[in-house]
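Notes follow the structure.
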Protein chains: 4
Amino acid sequence: MEHERIESDRQGPGRPRSEEAHTAILTASIDLIRDVGYDAVTMEGIAARAGVGKATVYRRWKSREALVVEAIGRIVAAVPDPDTGSTRGDLLALMTATLRMYEDPASAALLSGLVAAMARSAPIADAVRTGFVGIREEAVRRVLRRGMARGDLRQDVDLELALHLLHGPMFYRFLITGGPVDAALATDCVDTVLRTFAPDGSAGEHSADGGRG
Amino acid sequence: MEHERIESDRQGPGRPRSEEAHTAILTASIDLIRDVGYDAVTMEGIAARAGVGKATVYRRWKSREALVVEAIGRIVAAVPDPDTGSTRGDLLALMTATLRMYEDPASAALLSGLVAAMARSAPIADAVRTGFVGIREEAVRRVLRRGMARGDLRQDVDLELALHLLHGPMFYRFLITGGPVDAALATDCVDTVLRTFAPDGSAGEHSADGGRG
Amino acid sequence: MEHERIESDRQGPGRPRSEEAHTAILTASIDLIRDVGYDAVTMEGIAARAGVGKATVYRRWKSREALVVEAIGRIVAAVPDPDTGSTRGDLLALMTATLRMYEDPASAALLSGLVAAMARSAPIADAVRTGFVGIREEAVRRVLRRGMARGDLRQDVDLELALHLLHGPMFYRFLITGGPVDAALATDCVDTVLRTFAPDGSAGEHSADGGRG
Amino acid sequence: MEHERIESDRQGPGRPRSEEAHTAILTASIDLIRDVGYDAVTMEGIAARAGVGKATVYRRWKSREALVVEAIGRIVAAVPDPDTGSTRGDLLALMTATLRMYEDPASAALLSGLVAAMARSAPIADAVRTGFVGIREEAVRRVLRRGMARGDLRQDVDLELALHLLHGPMFYRFLITGGPVDAALATDCVDTVLRTFAPDGSAGEHSADGGRG
DNA sequence: TCCTAAGCGAGACGGTACGTCCAGTCTTCGT
DNA sequence: ACGAAGACTGGACGTACCGTCTCGCTTAGGA
């Protein structure tokens, strides 16, 4: 998440960085994204709105993307670790959390910007993969492993394929088709995974219709 | 596609517009998107690379977006309309064509640039959707409808879901996880779709293993 | 004088440079030097005061120094070439003209600014020497040569020494002691020069008292 | 000389100021003037070169000028009080001491900077007048008064005019014409003063040629 | 032997100006 | 009336210093 965040954890010499300024900058960033849109957000504008010098912004984040990543990270960072008793319930809970990210305009704007940044910058891509995406993927893996242990799924589930089947379609719809990223799509993806990796003797237990109708 | 293109079809008085200049500008745009990415493309840079005055660019397109939209239209590559006899063969043929796009470094760079552009510009997003993506999706729909007619698939296939299950995972891997977009993934997706929408009496006809081993 | 001026005499293609902008920039520069002093003059301030973009300033002058040098050139006031019939009268006329420069608050402020600029910039110093000071010195030399020809002065007058004796004390008082730069001082300097370089047989013709009492 | 020096003579409670830091700052200042020139000297650079915090510099001097004045004061402070037996010898001794100041590059750079500072700051101007200039002027007055008592000069010497005739020309040459401030000029000035204020019966005792040839 | 006060190096703070780049518009000349 | 060339105003970029303000840490004198 802090992919380009300039770290300074240890308390070295010198005046410590102001947490006030930090917060003011992040708040200003979010406000500006919401007010004028991601493209119109400038470092100069953020500094001015936050009542902060430009150098204070650059001291903490090397780029606008890095800053916005952290800003929005404050909103969408929480990823649940659901335990509803059924694999289907757990997966739906995770997907619903992800849905909320797509549905919130600010988060969606950030996500678009992140993808644009990832397309051109390997470091940003890595950071987003490990920080932003990684924790969501790990949550999915946890649920799937629990499902295998529980017997809801086959023992040889291809975790990576399942992951792609769950996240890929929503991502594609969000970025490419521009259609609604809604509960129906999420449910379809979950049921597709459940059917694909259903235990041998129970094919059809979760029918595609069962999840929607 | 020509959403913001400034038209001038009628042959008024004075020197007619140079078709050379037109082409040079579009070519320069595509080259620059490939080389430096959409964000780093500037009108100034396009004009310079095309050996053209800035006013000449603005005279024809009123924004960078409008220009890029038209440039994209020029590179909508031909998409095959395979008829191998089986739905699985047809889908694999389509996916293989798409694969080649991801695998070719130049195409991949362009694709990244397009996504970045889409993320920042609704008109570009629309243009890419209807032009670039649309023809690929239509090819998939044709194959799926033929499969339904042929009896390879259920009669009530959710075309949109199928489409997302086919393209989403590859797209996600390409942009987000950065992993290999290869035949294995393509085959898994095809088989997932075939199983999900298999006719009622023939579940398991195409096993996931069968498509890979 | 145009030491760092960026030349563009030939009329190439493209929009010609605006003479309006040029004048506005120079005027703004002079005004600002007068108002806030050389050190406090900034390119940003000049551009703002002139109602001009910064790039327009930098397109014409590479540096603040280069700009100020040309601005100075514009204010090289006319220097009289008096011919009162006597060397003493001519010198007093020249010194009175110089006096007016010291006495006028605006000119004095500008002069201070120039000296400050000269102390920090060799190119500016050169420009002031040749453009501002030079013509005044040449006027003094003309009068002295005429005095030598007329027989008011010795034939071997050390022109440079005379020049320093005339201008040095007033300059010193203006900048260093801060005392009044008045007619009394000017007259004393003139008479000192006349006595120092009086023809051999006429020492004391112009007594120091004679010029004041 | 310590015009803006911040005093702290009394030994209050708390840690006393480090004489090491003091010396390091002054040394760093002189080194930097010599190395990069007065213009390029920054408080930040001085502190860094001295291995000292910026606050330590500002605690002692409130401006760059104040600091540099003291720094160079350590070199050029001494003014002789010559007694060679003749007024001419005494004046030449004083002027030679002043000459050395103009000839030393570091001192000359400081002098330029001081004039620039004086041109804009009354407090600095006053401080330089009373400190830097004052002690030199007082030395000249002492010598002239001794000359009057001795009978080398008239009893009604205009001390201020004499002072201006001695220092003005050198100062003018240094700042304005940029020519050499050398012994020849100094001697000419001294002899001009001696002739101007020679006792009534002894005009020409010190001819201009006598002082040079 | 602690306490208090002021010093210390370090470096972050809100700012200002730098010199560059590009946006989008506006002239000029030559074709 | 087009073309290219390039100047125009405007404004964001990322950097360097400004002079001030904390930090944690000495380093003294007085309690």
Side-chain angles (χ1 to χ4, degrees), chain A residues 8 11-18 20-22 24 40-48 50-60 62-64, chain B residues 8 11-18 20-21 40-48 50-59 62-64, chain C residues 8 11-18 20-22 40-48 50-60 62-64, chain D residues 8 11-18 20-22 24 40-48 50-60 62-64:
Chain A
S8 74
Q11 169 68 30
R15 179 174 173 173
R17 293 189 176 169
S18 157
E20 260 183 71
H22 202 93
V41 171
T42 65
M43 291 297 251
E44 200 131 2
I46 290 169
V52 143
K54 277 202 293 179
T56 299
V57 181
Y58 282 107
R59 199 174 290 122
R60 293 154 190 269
K62 309 214 271 214
S63 67
R64 190 174 59 142
Chain B
S8 80
Q11 170 67 34
R15 179 172 171 178
R17 289 189 177 171
S18 156
E20 261 182 68
V41 172
T42 65
M43 292 298 251
E44 198 128 4
I46 290 170
V52 141
K54 276 202 294 179
T56 300
V57 181
Y58 280 106
R59 198 174 293 120
K62 51 191 219 184
S63 70
R64 185 174 61 148
Chain C
S8 75
Q11 169 67 31
R15 178 175 176 175
R17 292 188 177 170
S18 157
E20 260 182 71
H22 202 92
V41 171
T42 65
M43 291 300 249
E44 201 130 4
I46 289 169
V52 141
K54 276 201 294 179
T56 299
V57 181
Y58 281 107
R59 197 176 292 120
R60 294 154 189 269
K62 312 212 272 213
S63 67
R64 188 175 58 146
Chain D
S8 79
Q11 170 68 34
R15 179 175 174 174
R17 291 188 178 170
S18 157
E20 259 182 71
H22 202 92
V41 171
T42 64
M43 292 298 250
E44 200 127 4
I46 289 169
V52 142
K54 278 201 293 178
T56 299
V57 180
Y58 281 105
R59 198 175 292 120
R60 294 153 190 267
K62 53 193 219 186
S63 71
R64 186 176 61 144

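Chain letters run A, B, ... following the sequence lines, proteins first, then strands; residues in each count from 1. Keep in mind that what you see is a predicted model, and the values were worked out from it rather than measured.
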Report task. Let me have a per-nucleotide readout for nucleotides 19-28 of chain F, 5' to 3', with B, S or -, counting only protein heavy atoms under 4.0 Å. Result -> BBBBB--BB-
**Report entry** For C:Ser63 against C:Met43, the heavy-atom pair lying closest together
**Finding:** C-CE, 3.8 Å
Requested in this report: State which residues pass side-chain contact (heavy atoms from CB on, under 4.5 Å) with D:Ala24; sequence neighbours excluded, sorted by chain then number.
Outcome: D:Ala50
Query raised in the report: Between C:Val41 and A:Val52, which has a closest nucleotide on DNA chain E that is more 5'?
Result: A:Val52
**Report entry** For C:Arg15, side-chain contact (heavy atoms from CB on, under 4.5 Å) partners two or more places apart
**Finding:** none
Report summary line: On DNA chain F, more 5' by nearest nucleotide between C:Gly51 and A:Gly45 is C:Gly51
Report task. Determine whether the side chains of C:Arg17 and C:His22 contain a donor N or O and an acceptor N or O closer than 3.5 Å. Result -> no
Requested in this report: Calculate the interatomic distance between A:Arg17 atom CZ and E:dA12 atom P; express it in whole Å.
Outcome: 5 Å
Query - Between E:dC26 (C1') and C:Glu20 (CD): distance, integer Å - result: 13 Å
Query raised in the report: Which residues satisfy the side-chain contact (heavy atoms from CB on, under 4.5 Å) test with D:Glu20, sequence neighbours excluded?
Result: D:Ser18
Requested in this report: Would you mind telling me which residue lines up with the more 5' stretch of DNA chain F, B:Ala50 or C:Ala21, judged by nearest nucleotide?
Outcome: B:Ala50
Requested in this report: Give the minimum heavy-atom separation between B:Arg64 and B:Val41, together with the two atoms involved.
Outcome: NH1-O, 2.8 Å
Report task. Respond yes when some side-chain nitrogen or oxygen of B:Thr56 is under 4.0 Å from OP1 or OP2 of F:dA4, and no when none is. Result -> yes
Query raised in the report: Are any of C:Ser18's side-chain N or O atoms less than 4.0 Å away from OP1 or OP2 of F:dA7?
Result: no
